[in-house]
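In each ligand, atom 1 is the first atom listed, and ligand 1 is the first ligand listed. Worth saying up front: this structure is predicted, and the values here are computed from it rather than measured.
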Amino acid sequence: MSSIEQYAFGPFKIDPRQVFYSTPLSYALVNLRPLLPGNVLVCPRRDAVRFGDLTADETRDLWLTAQTVGTQLESYHKASSLAFAIQDGPQAGQTVPHVHIHIVPRKAASSEENDGNKDVKEKQKLDLDIQMKNRTMEEMAQEADEYRSLLSKI
Ligand code: AMW
């Protein structure tokens with residue numbers, strides 16, 4: 001029997017090369033269209049659509065997994081803050097019908113992005129609904145390899 005793990009993300013079958021961390025109830029994968037470097041997703045293993053569908057154990061495990069992954073990625077990306085976000089339902093912007101926490105490491109805007117006329121809040125605005133372009137599996141697998149090795153050391 002094959003021991004290759006299967007991961008569902010709504011209707012998508014996730015290539016295990018995208019998955020860099022897992023527990024018996026949750027898994028973390030790199031994003032096909034990251035909003036910023038380090039924008040990863042943490043999901044329950046069970047194919048649950050809405051946050052309210054999760055059991056207490058799944059909810060605890062999901063957030064503990066997000067805490068572990070977020071802490072490591074903040075330091076890896078030399079960031080100084082983290083955004084954790086769930087779009088729970090289509091009217092909240094959910095496009096994949098499987099619960100997922102977005103983690104986005106954040107840092108101060110670089111000098112190129114630093115427009116002196118904009119206030120700090122405006123510069124740091126994060127649009128979760130913006131459409132980025134799809135990455136290749138090679139790009140995603142390489143990123144996941146780096147995070148896997150980082151998380152294997154904790
Ligand atoms: W939502 O708009 O539902 O809060 O976010 C869905 C996220 O899932 C987006 O960031 C999108 O890039 C990502 N995504 C969609 N399909 C895949 C996939 N096959 N592998 C990884 N990430 C995906």
Counting heavy atoms only, name the option from Val30, Asp88, Val19, Leu41 that's nearest to atom 7 (C) of ligand 1.
-> Leu41
Heavy atoms only: which of Met140, Lys13, Arg33 is nearest to atom 15 (C) of ligand 1?
-> Arg33
Which option out of Thr95, Leu128, Asp129 puts a heavy atom nearest to atom 2 (O) of ligand 1?
-> Thr95
Within-shell test, His100 vs ligand 1, heavy atom, strictly < 4.0 Å = yes
Has ligand 1 got any nitrogen or oxygen that is less than 3.5 angstrom from a nitrogen or oxygen of Leu32?
-> yes
Close side-chain approach of Ser22 and Arg45, heavy atoms under 4.5 Å = yes
Can you tell if the side chain of Val19 reaches within under 4.5 Å of the side chain of Glu5, non-hydrogen atoms only?
-> no
Step through the shown structure and confirm whether more than 12 heavy atoms of other residues, nucleotides or ligands are within 6.0 Å of CD1 on Ile154.
-> yes
Validation row: Leu36, His77 side chains within 4.5 angstrom (heavy atoms) | no
Report yes if the side chains of Pro97 and Pro11 come closer than 4.5 Å at any heavy-atom pair, otherwise no.
-> yes
Do Thr59 and Phe51 come close enough that some side-chain heavy atom pair is under 4.5 Å?
-> yes
Check ligand 1 against Gln87 and write out every atom of the ligand that is under 4.0 Å from a heavy-atom position of the residue.
-> 1 (W), 2 (O), 4 (O)
Report the nearest protein non-hydrogen atom to atom 14 (N) of ligand 1: residue, atom name, distance rounded to 0.1 Å.
-> Phe9 CE2, 3.8 Å
Heavy atom of the protein closest to atom 10 (O) of ligand 1 (residue, atom name, distance) | Asn31 ND2, 2.9 Å
For Gln94, the ligand 1 atoms with a heavy-atom partner under 4.0 Å come out as 3 (O)
Under 3.5 Å: N/O of Asn39 near N/O of ligand 1 | no
Counting N and O atoms only, with roles assigned by atom type, does the side chain of Asn39 sit under 3.5 Å from a partner on the main chain of Ile103, one being a donor and the other an acceptor?
-> yes
Going by the atom numbers of ligand 1, which of them fall below 4.0 Å from some non-hydrogen atom of Leu29?
-> 21 (C)
Which heavy atom of the protein is the closest neighbour of atom 19 (N) of ligand 1, given with residue, atom name and distance?
-> Ile14 CD1, 3.8 Å
Okay, side chain of Gln87, backbone of Gln94: is any donor-acceptor separation there less than 3.5 Å?
-> no
Would you say Tyr7 and Leu29 make side-chain contact, with heavy atoms under 4.5 Å?
-> no
Proximal ligand 1 atoms for Gly93, defined as those under 4.0 Å from one of its heavy atoms | 1 (W), 2 (O)
Classify the contact between Gln18 and ligand 1 as side chain, backbone, both or neither, using a heavy-atom distance cut-off of under 4.0 Å.
-> side chain
